[in-house]
S.K.: 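Here it is, the structure, as structure tokens.
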Amino acid sequence: AERNETSKQVGEIKRAGGDAEAIMARMRAVGEETKALDAQIVMLMQYIKAHPEDAHRSELEDRLNDTHAEIEKRDYEKTILDVNGLAIDENYEKKALSLYTAFLEKFPQSPYAKQINEAIGNIRNLLGTAHFEDLKKVATTDFRERLSAYREYLEQFPGGAERDAVEQMITDLAQDYYGVLEKQTATCDAQDNWDDCIAQCDQFLSVFANGIWVEKVRVLRGELQDKKDVVDLTARSALVADDHAKVRKIYLDYLDKRP
């Protein structure tokens with residue numbers, strides 16, 4: 001019955017979530033209850049010590065044990081409350097682990113040890129979820145900054161629940177980047193100058209290692225390079241237009257490099 005009541009109360013605490021006033025009110029209540037229980041223990045222990053032959057000693061000892069169990073339950077609730085009240089930031093993991101560990105050290109045989117250990121194992125998941133929510137708010141249009149933020153998540157939370165979603169965000173980012181390159185290509189074509197577009201393709205390939213959009217950019221870069229080379233070829237041939245042998249060699253060299 002005590003376990004069920006504890007689960008109910010802890011559920012209420014968790015549902016309070018971001019309601020700071022509710023959490024603080026519950027913490028004050030738990031604190032007052034714990035003080036009352038501490039007073040009971042002191043009173044019972046003093047009485048039992050002063051009256052070792054009391055006819056109700058067994059009953060009093062049972063009450064003492066029940067009170068110890070009640071304090072353990074209250075400490076468990078307070079631990080959950082304290083952790084729920086923490087800001088999920090760069091210090092969250094250290095602070096939460098400290099609170100959980102303090103409870104386990106105080107009650108090493110606690111029936112709540114399993115829940116506490118599960119909560120410890122879930123710390124990184126909570127951090128990963130918070131980090132993921134921040135990722136969705138990244139508004140910068142700088143592709144490299146966004147990619148860096150996504151990769152930071154994958155490095156910090158390799159087993160994160162949102163890993164697949166972040167990998168999809170990277171794929172979507174590559175697709176967006178490719179779309180920008182395509183638009184820039186039209187400008188380069190109009191100006192018969194592909195150096196900037198080729199440089200942009202190289203930049204893309206320096207930050208994205210694989211995937212369908214990497215292959216598309218490689219193809220695009222090859223097409224841009226071909227256009228540039230043809231213009232260069234024409235210009236070089238024009239310089240030696242009167243020497244057919246040299247012109248022929250220029251074209252043959254070009255074909256040899258592109259069999």
Side-chain angles (χ1 to χ4, degrees), residues 1-133 156-162:
E2 286 184 355
R3 283 279 190 89
N4 291 336
E5 180 61 20
T6 300
S7 297
K8 179 181 178 182
Q9 291 172 334
V10 172
E12 292 172 352
I13 293 167
K14 288 183 176 179
R15 284 193 292 275
D19 189 340
E21 291 185 5
I23 289 178
M24 292 303 295
R26 185 66 184 128
M27 287 178 70
R28 286 193 294 272
V30 170
E32 291 169 1
E33 292 165 0
T34 300
K35 287 179 181 178
L37 290 170
D38 286 339
Q40 285 185 37
I41 285 180
V42 172
M43 182 177 64
L44 286 166
M45 291 180 68
Q46 288 177 341
Y47 183 87
I48 292 172
K49 183 177 181 180
H51 305 86
E53 303 301 327
D54 191 286
H56 300 287
R57 179 186 176 93
S58 177
E59 181 182 340
L60 292 172
E61 288 179 341
D62 287 343
R63 177 56 187 161
L64 181 61
N65 291 333
D66 289 343
T67 305
H68 275 299
E70 187 68 14
I71 285 180
E72 183 174 349
K73 180 181 72 171
R74 299 302 182 196
D75 277 13
Y76 170 68
E77 288 184 0
K78 187 175 185 304
T79 298
I80 298 300
L81 278 168
D82 289 344
V83 172
N84 282 351
L86 294 175
I88 300 182
D89 54 19
E90 66 275 7
N91 297 314
Y92 175 82
E93 184 172 14
K94 181 179 179 180
K95 290 180 178 179
L97 188 59
S98 176
L99 289 168
Y100 288 139
T101 301
F103 177 87
L104 292 176
E105 288 176 350
K106 186 176 181 180
F107 304 103
Q109 303 301 320
S110 174
Y112 307 110
K114 179 180 179 181
Q115 293 96 311
I116 292 292
N117 283 318
E118 287 176 351
I120 290 174
N122 197 44
I123 288 176
R124 294 295 295 173
N125 289 336
L126 287 175
L127 284 172
T129 297
H131 195 125
F132 176 71
E133 291 302 317
Q156 289 191 28
F157 310 101
E162 299 83 7

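Here the structure is a predicted model, which is why all the values come from computation and not from measurement.
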S.K.: I want to check something: taking the side chain as every heavy atom from C-beta on, are Ile123 and Val83 in contact at a cut-off of under 4.5 Å?
M.R.: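 Heavy-atom side-chain distance check fails, nothing below 4.5 Å.
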S.K.: Are the side chains of Thr129 and Leu126 in touch, meaning some heavy atoms are under 4.5 Å apart?
M.R.: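 The answer is no, as the side chains (C-beta and beyond) never meet within the 4.5 Å cut-off.
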S.K.: Identify the two heavy atoms, one from Ala96 and one from Leu86, that lie closest to each other, and give their separation to 0.1 Å.
M.R.: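 Scanning both residues, the minimum pair turns out to be N-CD1, 3.6 Å.
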S.K.: Using 0.5 Å steps for rounding, measure from the NZ atom of Lys95 to the CD atom of Glu90.
M.R.: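 Going from NZ on Lys95 over to CD on Glu90, the span is 8.5 Å.
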S.K.: For the CD1 atom of Ile80 and the CZ atom of Phe103, what is their distance to the nearest 0.5 Å?
M.R.: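 Going from the CD1 atom of Ile80 to the CZ atom of Phe103 covers 8.5 Å.
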S.K.: Would a distance-only check, ignoring hydrogens and angles, find a side-chain to backbone donor-acceptor pair under 3.5 Å from Asn117 to Ala113?
M.R.: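 Pair found, side chain donor or acceptor close to backbone of Ala113.
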S.K.: Under the 3.5 angstrom rule, does the side chain of Arg124 hit a backbone N or O of Gln156 as a donor-acceptor pair?
M.R.: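 The answer is yes, because a donor-acceptor pair under 3.5 Å joins these two groups.
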S.K.: Atom NZ of Lys106 and atom CD1 of Ile71: how far apart are they, to the nearest 0.5 Å?
M.R.: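 Nearest 0.5 Å value for the NZ-CD1 distance: 7.5 Å.
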S.K.: Do the rings of Tyr76 and Tyr112 sit parallel, tilted or perpendicular, given the 30° and 60° boundaries?
M.R.: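 Judged by the thresholds at 30° and 60°, the geometry between Tyr76 and Tyr112 is parallel.
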S.K.: What's the spacing between Leu127 CG and Asp89 CG if we round to 0.5 Å?
M.R.: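 Output value for this atom pair is 9.0 Å.
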S.K.: Please report the interatomic distance CD(Glu77) to NZ(Lys73), rounded to the nearest 0.5 Å.
M.R.: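 These two atoms lie 6.0 Å from each other.
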S.K.: Locate the shortest heavy-atom distance separating Thr79 from Leu99; write the atom from each residue and the value.
M.R.: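 Reported closest heavy-atom pair: CG2-O, 3.8 Å.
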S.K.: About how many Å separate CD of Glu162 and CG of Asn125, when rounded to the nearest 0.5 Å?
M.R.: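 If I round to the nearest 0.5 Å, the distance is 8.0 Å.
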S.K.: Should we say atom CD of Gln109 is surrounded by more than 12 heavy atoms from elsewhere, each under 6.0 Å from it?
M.R.: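 Open: at most 12 neighbouring heavy atoms sit under 6.0 Å from CD of Gln109.
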